[in-house]
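Below you'll find the structure, written out as structure tokens, and then a few comments.
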Amino acid sequence: MSLQHNQKKAYAFGLGAVLAWSTVASAFKLSLQYLSPMQLLLYASIASLLALLSILAWQRRLPELAAAFRAHWKSSLLLGAVNPFAYYLVLFQAYSLLPAQEAQAINYTWALTMTLLAVPLLKQALRLQDAAAALICYLGVLVIGTRGQLLELRFSNQLGVLLALCSTLLWAGYWIFNTRDAREPVLGLTLNFACSLPLSLAWCAWHGQLALPAWQGLAGAAYVGALEMGFTFVLWLTAMKLTRSTASIANLIFLSPLASLLLIHLLVGEAILTSTLLGLALILGGLAAQKLPLGRRARAQLADGQS
């Protein structure tokens with residue numbers, strides 16, 4: 001089933017996803033008080049798969065799963081290994097090492113990462129504007145990671161910052177390849193989670209972490225899985241399929257950072273650092289600069305370079 005472009009619906013679905021995602025940094029950090037990153041991945045994946053199956057059941061489309069898997073089993077296995085398995089394993093580990101405010105701020109660079117990855121993967125030209133935006137954004141990452149001590153280059157947690165940046169690569173790469181995915185969004189996402197669940201189970205078993213956690217951990221994993229990894233993914237996937245411009249939907253991430261920081265302060269109890277606000281301002285400023293319209297001369301030069 002193919003979706004026709006409908007920009008108004010794309011904005012509605014994208015906005016709903018972004019607003020829901022503004023709650024998840026707090027949910028991650030609170031859940032990780034009771035679960036290891038791999039346990040959170042496992043139990044959240046189970047909750048997400050159940051949520052997606054319930055959506056298909058409500059749509060009376062469960063019988064379509066078997067045929068969809070037979071037709072697209074290779075992409076289901078590959079994309080499922082990337083997201084949710086690898087992406088969330090790396091992201092949860094980053095959240096376990098960093099304050100939520102730092103991990104979520106760095107994670108916002110994924111939109112720029114997607115632009116940079118499009119150069120080798122989609123053979124798109126890298127504009128000078130994109131390069132400048134990259135420098136601004138990653139300066140923001142340095143400010144956050146060093147907590148403002150730029151000259152010393154002493155990171156609050158070097159591994160945590162590295163993992164947070166790696167998660168943006170996985171996330172951006174997943175969405176780039178997903179734009180070429182011929183599967184219907186809900187069916188495709190359900191197959192991804194179904195294919196990744198054995199990986200999460202085996203990973204936990206290998207590390208001896210299959211014990212049943214406290215109910216608070218299970219509740220947090222259920223929230224993360226059903227909302228952030230399940231229903232919200234469906235909203236975002238649908239928005240990406242409906243939109244005529246991927247960039248216009250990606251711009252919606254500008255709406256969530258301050259709401260996310262407020263929730264982190266209120267729910268997690270973190271004091272929001274000045275360095276976080278400054279670094280986040282640089283990241284969002286870089287993303288905004290990337291979206292500024294080119295002047296007439298710049299557009300002509302870009303057109304000449306691509307012809």
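Position 1 is the first residue of the sequence, and the numbers go up from there.
- One N or O on the side chain of Thr146 and one on the backbone of Leu142 form a donor-acceptor pair closer than 3.5 Å.
- Atoms CG and CG, on Leu163 and Leu91 in that order, are 9.5 Å from each other to the nearest 0.5 Å.
- Side-chain contact between Ser200 and Tyr43: absent, with no pair of heavy atoms (C-beta onward) separated by less than 4.5 Å.
- Residue pairs meeting the side-chain hydrogen bond (donor to acceptor under 3.5 Å, both in side chains) criterion with at least one partner in residues 212-226, sequence neighbours excluded, are Thr23-Tyr223.
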Please list every donor-acceptor pair under 3.5 Å in which a side-chain atom of residues 66-81 meets a protein atom from a residue at least two apart or in another chain.
unit_1	atom_1	unit_2	atom_2	d
Ser75	OG	His72	O	3.1
Ser76	OG	His72	O	2.9
Ser76	OG	Arg183	NH1	2.8

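- In this model, no donor atom of one side chain and acceptor atom of the other lie less than 3.5 Å apart for Ser45 and Tyr88.
- Contact check for Gln7 versus Leu242: no side-chain heavy atoms found under the 4.5 Å cut-off.
- Pairs of residues two or more places apart, or lying in two chains, that qualify as ring-ring contact (aromatic ring centres under 6.0 Å, His included) and include a residue from residues 6-31 are Trp21-Trp171, Trp21-Trp236, Phe28-Phe92, Phe28-Tyr95.
- Looking at heavy atoms from C-beta onward, Leu121 lies in side-chain contact with Phe177 at the 4.5 angstrom threshold.
- Between the Asn157 side chain and the Gly160 main chain, a donor and an acceptor come within less than 3.5 Å of each other.
- Counting only heavy atoms from C-beta outward, the side chains of Gln33 and Ser96 never approach each other to under 4.5 Å.
- Between the Lys29 side chain and the Leu98 main chain, a donor and an acceptor come within less than 3.5 Å of each other.
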Using a 3.5 Å cut-off and no angle test, enumerate the donor-acceptor pairs between side-chain atoms of residues 205-212 and protein atoms at least two apart in sequence or in another chain.
unit_1	atom_1	unit_2	atom_2	d
His207	ND1	Trp203	O	2.9
Gln209	OE1	Ser36	OG	2.3

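- With contacts defined as side-chain heavy-atom distances shorter than 4.5 Å, the pair Glu184/Arg61 qualifies.
- Considering only heavy atoms from C-beta on, Leu197 stays 4.5 Å or farther from Leu201 through its side chain.
- Side-chain contact between Tyr34 and Pro213: absent, with no pair of heavy atoms (C-beta onward) separated by less than 4.5 Å.
- Judged by distance alone, with hydrogens and angles left aside, the side-chain atoms of Ser26 form a donor-acceptor pair with the main-chain N or O of Ile264 at under 3.5 Å.
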Exercise. Are Asn192 and Tyr174 close enough, and set up right, to give a side chain to side chain donor-acceptor pair (under 3.5 Å), and what steps lead you there?
Worked result: CA-CA 11 Å; Asn192 288 356; Tyr174 172 80; 3.1 Å; yes

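- The side-chain hydrogen bond (donor to acceptor under 3.5 Å, both in side chains) pairs that include a residue from residues 264-285 are Gln101-Glu270, Gln101-Thr276, where partners are two or more places apart or lie in different chains.
- Side-chain atoms of Ser260 do not come within 3.5 Å of backbone N or O of Ser256 as any donor-acceptor pair.
- Taking the side chain as every heavy atom from C-beta outward, Leu53 and Leu65 approach each other to under 4.5 Å.
- Side chain of Thr232 to main chain of Leu227: a donor-acceptor pair is present (N/O by atom type, distance under 3.5 Å, no hydrogens or angles).
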Return all side-chain donor-acceptor pairs below 3.5 angstrom for residues 277-289, not counting sequence neighbours, or 'none' if the list is empty.
none

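- Among all heavy-atom pairs drawn from Ala194 and Leu49, the shortest one is N-CD1, 3.9 Å.
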